[in-house]
Amino acid sequence: MTHQVTALSNVNGNATGVEGILQNVAFILSTFTIPCPLREYAIKCGTRKPFQRIKKLNTTRLIECIQRFEPRAVVVDVDYLGDVNRGKLEPIVKVIVNA
């Protein structure tokens with residue numbers, strides 16, 4: 001089953017199983033938009049590079065981070081909601097969970 005995941009908005013401290021895995025992926029995605037202190041996978045997104053190049057670089061980085069920090073989630077697709085003029089990218093990741 002494929003799950004669509006966006007940046008974390010709420011934390012469920014009792015999440016387990018598939019829900020816990022998806023929450024971990026959402027947390028990684030949230031560090032993409034808001035760098036998280038003391039987390040080595042926080043991504044700093046510069047807005048000076050062309051939009052398509054940033055998407056490509058960040059897609060690679062997101063997949064690497066998810067593989068490293070939540071290997072039970074297999075990335076199937078990465079897409080973005082964004083506004084080039086505002087320099088904002090919001091990742092949307094589709095994953096398959098291997099629990």
Side-chain angles (χ1 to χ4, degrees):
M1 175 182 230
T2 303
H3 302 274
Q4 184 169 308
V5 184
T6 58
L8 184 66
S9 57
N10 295 321
V11 175
N12 177 358
N14 296 321
T16 60
V18 172
E19 183 183 358
I21 294 168
L22 296 176
Q23 182 171 278
N24 293 343
V25 172
F27 182 78
I28 292 169
L29 297 180
S30 69
T31 63
F32 171 84
T33 53
I34 305 169
C36 181
L38 305 176
R39 299 283 185 191
E40 65 181 271
Y41 52 79
I43 299 171
K44 296 180 182 175
C45 180
T47 58
R48 297 183 191 263
K49 294 181 183 176
F51 189 68
Q52 293 300 321
R53 179 162 164 75
I54 290 203
K55 284 173 58 173
K56 184 177 179 180
L57 292 171
N58 289 328
T59 297
T60 301
R61 181 71 190 259
L62 280 172
I63 293 170
E64 289 172 355
C65 289
I66 293 168
Q67 287 174 340
R68 180 172 178 197
F69 295 104
E70 188 48 84
R72 298 172 291 179
V74 177
V75 178
V76 175
D77 185 42
V78 178
D79 199 7
Y80 294 90
L81 290 178
D83 183 346
V84 177
N85 297 321
R86 290 178 38 210
K88 184 177 181 182
L89 290 173
E90 295 179 30
I92 302 170
V93 177
K94 291 182 183 174
V95 297
I96 296 173
V97 175
N98 292 324

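All figures in this text were calculated on a predicted structure; none of them were measured in a lab.
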Identify the two heavy atoms, one from Tyr80 and one from Leu62, that lie closest to each other, and give their separation to 0.1 Å. OH-CD1, 3.7 Å
Minimum heavy-atom separation for Leu8 to Ser30, with atom names? N-CB, 3.7 Å
Nearest 0.5 angstrom please: Ile28 CD1 to Glu64 CD, how far?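 So the gap between those two atoms works out to 12.0 Å.
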What's the spacing between Arg72 CZ and Ile66 CD1 if we round to 0.5 Å? 13.0 Å
For Asn12 and Gln23, run side chain to side chain donor-acceptor pair (under 3.5 Å): C-alpha distance rounded to whole Å, both residues' side-chain angles, the deciding distance at 0.1 Å, then the answer. CA-CA 8 Å; Asn12 177 358; Gln23 182 171 278; 5.4 Å; no
Any chain of hydrophobic side-chain contacts (each under 4.5 Å) joining Ile63 to Val5? yes
Check for me, please, whether Val74 and Val78 land in the same ILVMFWY cluster - side-chain distances under 4.5 Å, paths through other members count. no
Let's go through Val11 and Phe27 carefully: what are the C-alpha distance in whole Å and the side-chain angles of both, what is the deciding distance for side chain to side chain contact (heavy atoms under 4.5 Å, CB included) to 0.1 Å, and is it a yes or a no? CA-CA 9 Å; Val11 175; Phe27 182 78; over 6 Å; no
Is there a side-chain contact between [X] and [Y], using heavy atoms and a 4.5 Å cut-off?
X: Thr31; Y: Phe69; answer: no
X: Ile21; Y: Glu70; answer: yes
X: Val25; Y: His3; answer: no

Please identify which of these residues, Ile92, Leu22, Asp79, Val95, meets the side-chain contact (heavy atoms from CB on, under 4.5 Å) condition with Gln4.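 In the set Ile92, Leu22, Asp79, Val95, the residue that makes a side-chain contact (heavy atoms from CB on, under 4.5 Å) with Gln4 is Ile92.
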